[in-house]
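Report on the following structure.
What you see below is based on every heavy atom in this structure, not just the backbone, and it leaves out hydrogens, waters and symmetry mates. By convention in this document, chain letters (A, B, ...) are assigned in the order of the sequence lines, proteins followed by strands, and residues within each chain are numbered from 1. In this text the structure is predicted, and so the values were computed from the model without any measurement.
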There are 2 protein chains.
Amino acid sequence: MAKHEPDLSLLFHALSDPTRRAILTRLAEGPAAVSELSAPTALRLPTVMRHLSVLEMAGLIASSKDGRVRTCAIVPEALLPMRSWLDEQRAIWEARLDRLEDQVMKLMQERGT
Amino acid sequence: MAKHEPDLSLLFHALSDPTRRAILTRLAEGPAAVSELSAPTALRLPTVMRHLSVLEMAGLIASSKDGRVRTCAIVPEALLPMRSWLDEQRAIWEARLDRLEDQVMKLMQERGT
DNA sequence: TTCATGCTTAGCCATACAGCTAACTATATA
DNA sequence: TATATAGTTAGCTGTATGGCTAAGCATGAA
């Protein structure tokens with residue numbers, strides 16, 4: 001199994017900021033212009049721009065410019081790598097839990113109760 | 001719906017580092033001592049300690065000290081908040097996709113093809 | 001008691017991050 | 001053409017992060 005997960009770090013890092021998660025949630029309602037996204041944040045536009053570029057670098061959003069307005073939209077499939085990592089981990093972690101449970105069961109049987 | 005997700009940032013941040021993800025994967029095989037965890041990393045012990053404390057702060061691992069050896073173990077339920085965030089997002093994002101699809105369908109119908 | 005082992009703390013360094021202001025570009029609109 | 005609007009770029013600041021070394025416990029073995 002190759003370790004082709006070079007973007008997981010970018011993805012997790014992008015999601016580690018509340019402002020960026022808020023932007024994503026906002027964008028889930030539909031595409032929006034940069035200034036629309038910055039409006040509810042109490043942050044300055046350049047700061048929001050930076051967040052947007054982090055999100056875009058991570059592949060979580062895409063943007064295009066029409067006239068002087070740039071419209072941003074989510075990229076739904078971007079969460080897939082994260083989801084599969086989570087699923088992998090859950091699989092291993094649960095397997096480990098099961099083994100542990102088995103051991104406990106065995107212990108209890110050996111004790112005769 | 002209350003926004004009780006104060007730890008999501010910690011969680012995502014903890015997972016944004018490849019070394020820390022590697023440690024987690026390693027720990028999925030079973031508990032391990034600090035030095036066991038540092039061995040395969042090519043990093044110095046204090047550095048690994050720092051990573052461990054980040055993981056522990058995020059609630060992803062737990063540790064206990066027996067004698068002079070500290071043993072770390074994963075906390076399986078720690079990924080749950082992340083999982084539910086992901087599920088929420090997916091729900092919204094997919095709904096959005098569906099709406100978009102509907103619009104396209106309607107457009108095509110209006111065009112008569 | 002002495003020594004090795006395993007972890008811990010303190011503190012240094014370079015880089016990255018999140019915020020800002022100020023100045024600039026480009027497109028509408030009057 | 002002049003002006004307002006929407007983004008963009010450049011560059012500054014303080015803090016956080018990830019790495020290190022060196023020195024300091026504390027415990028187990030000799």
What is the distance, to the nearest angstrom, from the [atom1] atom on [X] to the [atom2] atom on [N]?
| X | N | atom1 | atom2 | value |
| --- | --- | --- | --- | --- |
| B/R44 | C/dG6 | CZ | C1' | 15 Å |
| A/M49 | C/dT21 | CE | P | 16 Å |
| B/H13 | C/dA16 | NE2 | P | 14 Å |
| A/L52 | C/dA18 | CG | C1' | 14 Å |
| B/R50 | C/dC7 | CZ | P | 18 Å |
| A/L45 | C/dA18 | CG | P | 17 Å |
| A/H51 | C/dA16 | NE2 | P | 18 Å |
| A/L55 | C/dC17 | CG | P | 13 Å |

Practice item. Could you check whether the rings of A/W85 and A/F12 sit parallel, tilted or perpendicular, using 30° and 60° as the cut-offs? Key: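 Answer is perpendicular, since the angle exceeds 60°.
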
Check your understanding: Just how large is the angle between the end axes of the helix from C/dT1-D/dA30 to C/dA30-D/dT1, five pairs per end, to 10 degrees?
Key -> 10°

Exercise for review: Taking only Lys NZ, Arg NE, NH1 and NH2, and the carboxylate oxygens of Asp or Glu, determine whether B/R50 and B/D17 approach each other closer than 4.0 Å.
Suggested key: no

Main-chain N/O of [Y] paired to [X] side chain as donor or acceptor, under 3.5 Å:
| X | Y | result |
| --- | --- | --- |
| B/R20 | B/H13 | yes |
| B/T47 | B/L43 | no |
| B/Q89 | A/T25 | no |

Exercise for review: Scan A/S35 against the nucleic acid and name what it touches under 4.0 Å (heavy atoms): base, sugar-phosphate only, or nothing.
Suggested key: sugar-phosphate

Exercise for review: Nearest-nucleotide wise, let me know which of A/L43 and A/R68 is further upstream toward the 5' end of DNA chain C.
Suggested key: A/L43

Check your understanding: Given that A/P46 and A/V54 both sit by DNA chain C, which one's nearest nucleotide is further toward the 5' end?
Key ->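 Residue closer to the 5' terminus by nearest nucleotide: A/V54.
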
Review point. Nucleotide range of DNA chain D contacted by chain B, 5' to 3', under 4.0 Å to a heavy atom?
Key: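 Range of nucleotides within reach of chain B: D/dT17 to D/dG28.
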
Review point. With the 4.5 Å side-chain cut-off for hydrophobic clustering, are A/L86 and A/L11 part of the same group?
Key: yes

Study note, to complete from the structure: Partner of A/L55 under side chain to side chain contact (heavy atoms under 4.5 Å, CB included), picked from A/L27, A/L10, A/L60, is A/L60

Review point. Going through the checks in order, is the side chain to side chain contact (heavy atoms under 4.5 Å, CB included) test met by A/E56 and A/S63?
Key: CA-CA 8 Å; A/E56 193 155 20; A/S63 74; 3.2 Å; yes

Point to revise | Nearest-nucleotide 5' precedence on DNA chain D, B/K65 against A/E36 | key: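 Mapping each residue to its closest nucleotide by heavy atoms, the 5'-most match is A/E36.
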
Point to revise | Short side-chain donor-acceptor distance under 3.5 Å, A/R21 and A/S16 | key: no

